[in-house]
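Have a look at the structure below, then the notes.
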Amino acid sequence: MPVIYFLIYLLTMIGIYSLLAMSLNFQVGFTGLINFGQVAFFCIGAYASSLLVTKAGAPLILGFVGGMALSGLFGYIISIPTKSLKADYWAIATLAGGEVVRLLALNEGWLTEGPFGVMSIPQPLRWLFSKDSYPLFYLFLIAACVLIIYFVLSLLTNSPFGRNLKAIRDEEDLCLSLGKNTRKLKLQAMVVAGMVAGLAGALFAHYITYISPENFKPIETFLMWAMIIVGGRGNHLGAILGAVVIQLFNVSTRFIGGYVPLGSDTMAALRMVIIGLLIVLFLLYAPEGLIRERKKVYHLKRKHIE
Amino acid sequence: MLTLTIRDLQKNFGSLRALDRVSLEVQGNSIVGLIGPNGSGKTTLFNVVSGFYEKDGGEIYFKGERIDGLRPDQIVKKGLSRTFQVCKAPEKLTVLENMMLAAKSQIGEDPFSALFRRPRVSMLEKANLDRAMDLLEVLQLVDLRNEYAGDLSGGQKKLLSLGRAFMLDPDLILLDEPTAGVNLTLATQLLKVIRELQKKEGKTFFIIEHSMKVISDICDKVLVLNFGKIMAEGTPEEIRKDEQVLKAYLSGA
Ligand SMILES: Nc1ncnc2c1ncn2[C@@H]1O[C@H](COP(=O)(O)OP(=O)(O)O)[C@@H](O)[C@H]1O
Ligand SMILES: [Mg+2]
């Protein structure tokens, strides 16, 4: 039986990280915005939802919506000073932004309980299920979220909006010369990405029921990057596949840990080294990742084709 | 009346005076050529007018409104667009996607509409698709419609920038060496298309060409830029005979 629970846990984490990877891919793969502080969205979504529910007594659904909204708002806010920055400065600014959020969670104890974290976070519809069946329900909830977000993001990236984002990624000056308000578009992309990652944060918090700043270290951003590098960018399926691969590796080596004569710290470090190596190998030998960006082909009427 | 008026425009790069008190006028519904030796400041003029570079002095009016100081995208929305001498070709957007990208005021560019007003969005997309295919036909790019723009040859990229400009359909189009690298037959044909657009739809063109030959047939007026200054202005006939211009070209080349 424990194997099943381990499997459910693994799949649940894959689902949460799929959302995070899709969000990062939306920024990096589609819009060309390098974000080294992606974990900030995750953190804000988790804390906002938990605190709204535990401290403000809001209903769970409002916690989720609030988590998404605040994380989207954060996407908006970091876009304001950074929107005129060139790509490399943008990257540094987001890295700093990510740490600022975690340090706020750590130090603003009156609100966040500081290093102790938020405990006893309630779970949605918990009373409907037994202790044994609840994890399975939650897995379905997350699977549904992944499906919906996949669908919504696909609609967006296939729309004129998504076409603009890809054009910004490839040739920003061209977009300007065609009258596109690239600042506004980048801002909108960050808000969308923030909301998706915020949802992942809320789902995570209400799943593990206890969060602390420890959960939101820069290493998480590193994992999300590994996912989109391995899975492929500019392609939502690639992000999901990347989340599967990296989580499988990350979690299964934790499992193996018990059978290898290495301390857990050493194991953790070794895991990151191996993921780092994987990133390098992919960048060198398969820079497009496992699934490459799909070419957009328009359906034409017959009169055009003959 | 649609007019582009430039007064005393200045642009410096360090101690280099790339534009030295340039004043000129482009009348609506005409084709104006801008020629001059390499490095004389032609592209810089376009960059400043289209809002990509900040000016160091002077004024720019379009349709009677000040446009200097506006962002490039704001200037485009007023009806003035430009192409680039070194073509911008989004690597992972197909030729057809490029054309679709250029269409103006698409409601699907707003994420909310893209999700919740899909029938209207796809109706507009269909209309744009028809127009894009018609234009690609003229430019002989139909067979390349599903190629990535980044994979095109230099000449094909030039054609695509023209295509985008026609798709965007502004009132005044600044073209930076539109036929460089395009084979002669097609280049001649393109100039004819430009002429037709000007006659039929009342479009205005301001065209940079490195060589006099290419545009003298279609221009109503030609301006000559040398060392950042307008050194001559007149009909193609007059310019061709101008001693000073000939000398500048000989020394510049
Ligand atoms: N971004 C820039 N920075 C510095 N110098 C520039 C820049 N752009 C153009 N120049 C200089 O300005 C002068 C005019 O260049 P340009 O406008 O490209 O000439 P043209 O298009 O007539 O060949 C040249 O001497 C060029 O080196
Ligand atoms: Mg030039």
Side-chain angles (χ1 to χ4, degrees), chain A residues 26 29-32 72 84 148 151-185 187-193 195 233-235 288 292-306, chain B residues 50-52 71-78 81-84 87-94 96-98 100-115 118 121-122 124-126 128-130 132-134 136-137 142 145-150 161 164-165 167-168 170 174:
Chain A
F26 193 73
F30 284 97
T31 320
S84 55
I148 291 169
F151 183 69
V152 168
L153 290 181
S154 299
L155 282 183
L156 284 178
T157 51
N158 274 317
S159 74
F161 171 63
R163 187 164 60 214
N164 285 353
L165 298 186
K166 285 202 289 177
I168 289 176
R169 175 195 67 188
D170 288 354
E171 286 286 4
E172 185 162 356
D173 279 351
L174 176 70
C175 289
L176 285 169
S177 79
L178 296 173
K180 315 293 181 196
N181 188 342
T182 58
R183 295 180 181 198
K184 184 170 158 198
L185 285 161
L187 217 134
Q188 288 170 329
M190 288 304 282
V191 171
V192 170
M195 286 170 67
R233 289 161 305 286
N235 185 322
E288 304 220 47
R292 52 167 73 198
E293 183 170 341
R294 267 225 324 268
K295 201 182 241 183
K296 168 93 180 173
V297 176
Y298 289 91
H299 299 291
L300 298 172
K301 287 188 214 143
R302 173 136 330 124
K303 101 172 163 137
H304 288 307
I305 308 175
E306 86 280 341
Chain B
S50 58
F52 280 86
R71 289 198 315 267
D73 57 295
Q74 294 172 319
I75 293 173
V76 176
K77 293 209 173 87
K78 303 223 175 275
S81 177
R82 57 86 58 94
T83 65
F84 296 89
C87 289
K88 311 276 179 193
E91 212 169 320
K92 286 285 179 65
L93 255 61
T94 67
L96 195 45
E97 262 184 306
N98 266 272
M100 298 294 283
L101 173 77
K104 70 179 150 199
S105 55
Q106 312 171 39
I107 55 164
E109 291 182 301
D110 173 64
F112 196 82
S113 304
L115 289 179
R118 298 196 55 230
V121 171
S122 63
L124 262 174
E125 284 279 283
K126 282 209 186 85
N128 286 337
L129 205 53
D130 280 347
M133 286 303 288
D134 290 344
L136 286 181
E137 200 127 3
V142 173
R145 66 180 180 275
N146 288 329
E147 294 300 317
Y148 281 136
S161 9
R164 281 187 307 241
M167 192 77 192
L168 174 63
L174 313 184

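Numbered from 1 within each chain, the chains take letters A, B, ... in sequence-line order. Here the structure is a predicted model, which means the values were calculated and not measured.
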key: Residue part contacting chain B, namely of A/Glu293, when any heavy atom lies under 4.5 Å   = both

task = Go through the atoms of A/Arg292 and report whether side chain, backbone, both or neither lie under 4.5 Å from a heavy atom of chain B.
result = neither

ask   = Is the shortest side-chain N to carboxylate O distance from A/Glu172 to B/Lys88 below 4.0 Å?
value = no

query = Taking every heavy-atom pair that is under 4.5 Å apart, which of A/Leu155, A/Val152, A/Leu176 has the most such pairs with chain B?
reply = A/Leu176

inquiry  = With a 4.5 Å cut-off on side-chain heavy atoms, are B/Asp110 and A/Gln188 touching?
reply    = yes

message = Assess whether a salt bridge exists between A/Lys166 and B/Glu97, defined as any Lys/Arg side-chain N lying under 4.0 Å from an Asp/Glu carboxylate O.
response = yes

request  = For the pair B/Ser81 (side chain) and A/Ser177 (backbone), establish whether a donor and an acceptor sit closer than 3.5 Å, ignoring hydrogens and angles.
outcome  = yes

query = Hey, does the side chain of B/Lys77 reach the backbone of A/Gly179 with a donor-acceptor pair shorter than 3.5 angstrom?
reply = yes

query = With the threshold set at 4.0 Å, does a side-chain nitrogen-carboxylate oxygen contact exist between A/Lys180 and B/Glu109?
reply = yes

Student check: side-chain heavy atoms of A/Leu300 and B/Arg145 closer than 4.5 Å = yes

message = Report which part of A/Val191 has an atom under 4.5 Å of a heavy atom belonging to chain B: side chain, backbone, both, or neither.
response = neither

ask   = After noting the C-alpha distance and the side-chain angles of B/Lys104 and A/Leu178, does the key distance pass the side chain to side chain contact (heavy atoms under 4.5 Å, CB included) rule?
value = CA-CA 8 Å; B/Lys104 70 179 150 199; A/Leu178 296 173; over 6 Å; no

query = With a 4.5 angstrom heavy-atom cut-off, which part of A/Leu185 approaches chain B: side chain, backbone, both or neither?
reply = side chain

